[in-house]
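Only one structure is covered here, and it is reproduced in the block below.
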Amino acid sequence: MEAIKGKGSAAVLVGITGAHQPDHTTREYLDELRFLAKTLGVETREVFTQKVDRPNPRYFVGSGKAEEIADYVKEHAIDLVIFDDDLSPSQLRNLENLMECQIYDRSLLILEIFLERAQTSQARTQVELARYQYLMPRLTRMWTHLERQRGGTGTRGGAGEKEIETDRRNIRKQIGVLKRKLERIDRQNVTQRKSRGSMVRVALVGYTNAGKSTLMNLLTGSHILAEDRLFATVDTTVRKVVLEGIPFLLSDTVGFIRKLPHHLIESFKSTLNEVVESDVLLHVIDVSNPAYPDHVQAVNQTLTELGAGDKRTILVLNKIDRLSEDETNQNVFTVPDEHNRYVAQCPVSAIRRTGVSELRARLLQEVKRVHYTIYPNAESLDTLSV
Ligand SMILES: Nc1nc2c(ncn2[C@@H]2O[C@H](COP(=O)(O)OP(=O)(O)OP(=O)(O)O)[C@@H](O)[C@H]2O)c(=O)[nH]1
Ligand SMILES: [Mg+2]
């Protein structure tokens with residue numbers, strides 16, 4: 001499957017906000033949506049918002065607003081309308097009919113980015129599975145048509161109800177194939193993990209674009225792609241690190257985001273096993289982003305969903321080079337700790353390499369703690385099979 005939209009498509013964004021939601025929150029959400037679109041090479045031309053308590057069942061926004069957007073779309077040759085929230089299958093159909101262009105929601109945008117970024121066969125299979133599961137109830141004439149152009153599972157001929165039904169059958173079949181393929185890959189990975197022995201495992205987690213890969217490269221001397229775009233990393237990398245003679249495994253994996261599509265979390269469970277099975281988490285936070293408390297919450301929510309919500313965690317407060325001295329001195333980093341799992345807070349700049357030796361020292365302390373639990377009698381490290 002190819003990613004859907006070529007570079008340079010023009011989009012408008014649409015968000016609704018509760019009557020009591022502050023304007024800056026709405027702006028933050030839509031800025032993030034714009035960044036997601038940009039990551040796919042899609043240019044945002046206009047943003048529409050509406051304050052309503054509940055989404056309209058027909059068009060998600062009210063019908064007056066929907067018509068206003070439709071007029072804009074036709075007048076300015078817009079290719080895509082992107083909604084910040086998930087649309088129901090019938091809203092999707094109604095909007096397509098009204099606007100006569102492609103309608104996206106946040107989940108689908110994220111799925112497309114993942115599809116574009118996935119490198120390994122495991123990640124690709126996981127994303128394809130999540131995408132098909134997402135599309136299955138949402139097959140419309142337009143989607144059937146696009147899938148066919150894309151050479152996916154689509155049938156030949158016109159896109160009538162009968163064709164949609166045939167496509168649905170094909171997709172169902174494809175979902176089965178992908179699930180079996182994933183099970184095979186999982187079995188191979190279990191064997192691989194067993195062969196790593198029982199080294200201490202540390203996982204980098206955090207919101208997308210927080211600086212996890214930059215930090216991974218710094219701590220391990222690797223060359224993982226780190227970029228100012230969302231979801232630069234979709235695959236998991238694991239490297240062995242040795243600090244003061246004590247070896248441990250450090251993993252860098254996919255970042256989280258608000259409203260991460262449920263199907264993606266489901267199908268990425270095996271990739272995220274690295275996080276679930278780790279002994280210590282390094283939760284990387286971009287403290288230069290004013291929305292960071294929200295990001296922390298989104299990450300914690302996803303960790304809890306994965307069953308990794310109570311692990312010993314070092315908070316890595318990254319990008320302090322972007323803060324003014326005042327901001328750094330103020331006690332701005334108050335992250336609520338309901339589960340009492342934050343063992344330390346380390347302010348760093350992964351780019352400038354400040355605070356990194358303190359972070360290393362604190363990490364080593366945690367690694368030692370686990371290491372001597374695994375090897376209570378280890379005086380020398382000869383007992384380790386590394
Ligand atoms: N100013 C500043 N920028 C940083 C710092 N650390 C990372 N960055 C930049 O932030 C961007 C994202 O960094 P990555 O390391 O790719 O972030 P990530 O958390 O791996 O992101 P995903 O893989 O997309 O989830 C890149 O442009 C980095 O150069 C820092 O300490 N200061
Ligand atoms: Mg990364």
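Start at 1 and go down the list; that is how both ligands and their atoms are numbered.
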Report yes if the distance between the aromatic ring centroids of Phe60 and Phe83 is under 6.0 Å, otherwise no.
->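 Phe60 vs Phe83: aromatic centres under 6.0 Å.
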Are Tyr207 and Tyr292 near enough that their ring centres are under 6.0 Å apart?
->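 Distance test on ring centres: not under 6.0 Å, no.
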Of all the non-hydrogen atoms in the protein, which one sits nearest to atom 31 (O) of ligand 1, and at what distance?
-> Ala350 N, 2.9 Å
By side-chain hydrogen bond (donor to acceptor under 3.5 Å, both in side chains) - contacts of Arg180 (at least two apart) |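 None.
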Atom indices of ligand 1, in the order listed, that fall short of 4.0 Å to a heavy atom of Ala210 = 17 (O), 19 (O)
Hey, does the Lys NZ or Arg CZ of Arg369 hover above the aromatic six-ring of Tyr372, less than 6.0 Å from the centre and inside 45° of the axis?
->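 The answer is no, since Arg369 fails at least one limit relative to Tyr372.
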Gly206: heavy atom below 4.0 Å from ligand 1, yes or no?
-> no
Do ligand 1 and Arg352 have nitrogen or oxygen atoms that lie under 3.5 Å from each other?
->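 No: no nitrogen or oxygen of Arg352 is under 3.5 Å from one in ligand 1.
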Hey, does Asp252 come in under 3.5 Å of ligand 1, counting only N/O atoms on both sides?
-> no
Tell me the salt bridge (Lys or Arg N to Asp or Glu O under 4.0 Å) pairs involving residues 312-324, sequence neighbours left out?
->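 Matches after skipping sequence neighbours: Asp286-Lys319, Arg312-Glu366.
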Of all pairs that satisfy ring pair (Phe, Tyr, Trp, His ring centres under 6.0 Å), the ones with a partner from residues 28-59, not counting sequence neighbours =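 Counting only pairs at least two positions apart or across chains, the ring pair (Phe, Tyr, Trp, His ring centres under 6.0 Å) contacts touching residues 28-59 are Phe48-Tyr72.
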Which residues and atoms, counting only protein N, O or S, are under 2.8 Å from the Mg ion (ligand 2)?
-> Ser213 OG, Thr233 OG1
